[in-house]
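If you scroll down you'll find the structure; I have some questions about it.
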Amino acid sequence: MVNVLIVDDNIHYVKNLINFVIGKDSNIKIANIASNGLEALDIIKKNSNIDLILLDLKMPKLNGIEVINRISNMSLDNFPDIIVISGENSLINKLASNPLVIDFINKTDDMLSIYSKLKDYEEKQNYIHIKNDLSKKILSELISIWYNLAHIGTQYIKDCILVIYENKNPSLTNNLESYVYKEVACMHNVSFQKVKTNIAKATDFMYAECSMDILKDYFHFNDVKKKHT
């Protein structure tokens, strides 16, 4: 579920947008509406569940650019993402590098194009939740066989598993050094060798701490005396 705040003083435009979105997708919820920037800030202060703001730039009392600036200076646990709605390219260009602004909608875009952006956002958020849950599960499994969570190599192993999962290709386990390690190195902005070395160190620690009987049962090893790859 994605909770959306619409901030726009054009009531006709807002009604059309709401009716179109509600008719298309029950997982995109219009949580609130504001007709100016001051109302929007008040809603954001009182509601920590806003995921996404559709923000018009030209509004009375407080314009969209000032709204973004004030949100940036708020003390929030979770900052909402912002999709800017505007027909003014000069204003859009001022916000292109703002980290809160993830996309732009032109006022002349049809409702289907706007909905497509919302749907893409929803799917990305769903994947983030799935990935976070999977990361927790992987780390729990690694801890169960005595990998040290504080060791950076354990984090690298977790990310290697995620890379294989995201590519939907189990055969990548046969190409760790040629592909997977390089992907993880790019994710962490470190060298391929650092990933490889720290994974080996984390695994050596695991072998030193974990009972070989546990490893035999977990991995179905035939030879409990051998340090398997």
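The figures that follow rest on heavy atoms only: side chains count, while hydrogens, waters and symmetry mates do not. Positions are given from 1, in the same order as the sequence printed here.
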Quick one: does any side-chain atom of Asn10 pair with a main-chain N or O of Tyr13 as donor and acceptor, under 3.5 Å?
yes
Does Ile130 reach the side chain of Gln125, with side-chain heavy atoms less than 4.5 Å apart?
no
Are side-chain N/O atoms of Ser144 and Tyr218 paired as donor and acceptor at under 3.5 Å?
no
Please lay out, stage by stage, how Glu166 and Tyr127 fare under the test side-chain hydrogen bond (donor to acceptor under 3.5 Å, both in side chains).
CA-CA 10 Å; Glu166 289 170 350; Tyr127 179 70; 2.7 Å; yes
Would you call Leu41 and Met74 a side-chain contact if the rule is heavy atoms closer than 4.5 Å?
yes
I'd like to know if the side chain of Thr154 and the backbone of Asn148 have a donor-acceptor N/O pair within less than 3.5 Å.
yes
Side chain to side chain contact (heavy atoms under 4.5 Å, CB included) between Ile30 and Ile6, worked out
CA-CA 7 Å; Ile30 308 302; Ile6 301 177; 4.0 Å; yes
Set out, in order, the CA-CA distance, both residues' side-chain angles and the distance that settles side chain to side chain contact (heavy atoms under 4.5 Å, CB included) for Tyr165 and Lys131, then state yes or no.
CA-CA 10 Å; Tyr165 172 82; Lys131 187 174 181 179; over 6 Å; no
Consider only side-chain heavy atoms of I, L, V, M, F, W and Y, link residues closer than 4.5 Å, and tell whether Phe219 and Phe205 are in one cluster.
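No: no chain of side-chain contacts under 4.5 Å links Phe219 to Phe205.
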Set out, in order, the CA-CA distance, both residues' side-chain angles and the distance that settles side chain to side chain contact (heavy atoms under 4.5 Å, CB included) for Ile128 and Asn132, then state yes or no.
CA-CA 6 Å; Ile128 289 171; Asn132 288 340; 3.7 Å; yes
Write down the atom of Ile199, the atom of Cys160, and the distance for their closest heavy-atom approach.
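Where Ile199 meets Cys160 most closely, the heavy atoms are CD1-SG, 3.9 Å.
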State, yes or no, whether a side-chain contact exists between Ile53 and Ile44 at a heavy-atom distance under 4.5 Å.
yes
Honestly curious: do Ile28 and Ile102 fall in one hydrophobic cluster under the side-chain, below-4.5 Å linking rule?
yes
Shortest non-hydrogen contact from Glu39 to Ile33?
OE1-O, 4.4 Å
Determine, for Lys61 against Asp9, whether the closest basic-nitrogen to carboxylate-oxygen distance falls under 4.0 angstrom.
no
Flag, side chain of Asp109 to backbone of Ile105, donor-acceptor distance under 3.5 Å
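Such a contact is absent between Asp109 side chain and Ile105 backbone.
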NZ (Lys45) and CD1 (Ile50) are apart, to the nearest 0.5 Å, by 14.5 Å
I'd like to know if the side chain of Glu122 reaches the main chain of Leu118, judged simply by a donor and an acceptor atom lying under 3.5 Å from each other, with no hydrogens or angles considered.
no
For the residue pair Ser171 / Asn174, report whether a side-chain donor-acceptor contact shorter than 3.5 Å exists.
no
Checking Ile157 against Leu142 for the side chain to side chain contact (heavy atoms under 4.5 Å, CB included) test, could you report, in this order, the C-alpha distance in whole Å, the side-chain angles of both residues, the deciding distance, and whether it holds?
CA-CA 9 Å; Ile157 292 171; Leu142 292 173; 4.0 Å; yes
Looking at Trp146 and Glu209, what are the two nearest heavy atoms and their distance?
CE3-CB, 4.0 Å
So does Lys194 get a backbone contact from the side chain of Thr197, meaning a donor-acceptor N/O pair under 3.5 Å?
no
Got a second to check how far Ile138's CD1 is from Ile143's CD1, nearest 0.5 Å?
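Here the rounded value is 12.0 Å.
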Interatomic distance, Gln155 atom CD to Met187 atom CE [nearest 0.5 angstrom]
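Going from the CD atom of Gln155 to the CE atom of Met187 covers 10.5 Å.
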CA sep, side-chain torsions, deciding dist, call: Asn16, His12, side-chain hydrogen bond (donor to acceptor under 3.5 Å, both in side chains):
CA-CA 6 Å; Asn16 286 341; His12 179 70; 3.2 Å; yes
Okay, side chain of Asn32, backbone of Leu5: is any donor-acceptor separation there less than 3.5 Å?
no
Working to the nearest 0.5 angstrom, can you tell me the gap between Asn69 CG and Asn98 CG?
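Result: 7.5 Å between the selected atoms.
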Determine whether more than 12 heavy atoms belonging to other residues, nucleotides or ligands lie under 6.0 Å from atom CZ of Phe192.
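Yes, the 6.0 Å shell around CZ holds more than 12 heavy atoms from other groups.
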Grab the two heavy atoms, one from Leu215 and one from Phe221, that are nearest each other, plus how far apart they are.
O-CD1, 3.9 Å
Does CG belonging to Asp110 count more than 12 external heavy atoms closer than 6.0 Å?
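Yes, the 6.0 Å shell around CG holds more than 12 heavy atoms from other groups.
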Test item: Asn47 side-chain N/O and Asn49 main-chain N/O as donor-acceptor pair under 3.5 Å
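Checking the backbone N and O of Asn49 against the side chain of Asn47, no donor-acceptor pair under 3.5 Å is found.
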Salt bridge present between Lys137 and Glu141 (N-O < 4.0 angstrom)
no
Looking at Lys182, I want to see if its NZ is surrounded by more than 12 non-hydrogen atoms of other residues, nucleotides or ligands under 6.0 Å.
no
Between Phe20 and Tyr115, what is the ring plane arrangement, given parallel below 30°, perpendicular above 60°, and tilted in between?
perpendicular
When you compare the side chain of Lys29 with that of Val21, does any pair of heavy atoms fall below 4.5 Å?
no
Sub-3.5 Å donor-acceptor pair from the side chain of Asn63 to the main-chain atoms of Leu57, do we have one?
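A pair under 3.5 Å: no.
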Heavy atoms of other groups near Lys107 NZ, more than 12 under 6.0 Å:
yes
Residues Lys46 and Asp42 bridged, charged N to O under 4.0 Å
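A salt bridge links Lys46 with Asp42.
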Shortest non-hydrogen contact from Ser135 to Leu162?
OG-CD1, 3.3 Å
Going by heavy atoms in the side chains, are Ser86 and Asn106 under 4.5 Å from each other?
no
Looking at Asp56 and Ile85, what are the two nearest heavy atoms and their distance?
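Between these two residues, the closest heavy atoms are OD1-O, 3.1 Å.
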Do Tyr147 and Met212 belong together in a cluster built from hydrophobic side chains that touch within less than 4.5 Å?
yes
Would Tyr121 and Leu112 show up in the same hydrophobic cluster when neighbours are defined by side-chain heavy atoms closer than 4.5 Å?
yes
Hphob cluster co-occupancy, Leu17 + Met1, side-chain heavy atoms under 4.5 angstrom
no
Could you tell me the separation between the CZ atom of Phe104 and the CD1 atom of Ile82, rounded to the nearest 0.5 Å?
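Reported to 0.5 Å precision, the distance equals 10.0 Å.
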Mark yes or no for whether His188, through its side chain, and Val190, through its backbone, hold a donor-acceptor pair below 3.5 Å.
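Such a contact is absent between His188 side chain and Val190 backbone.
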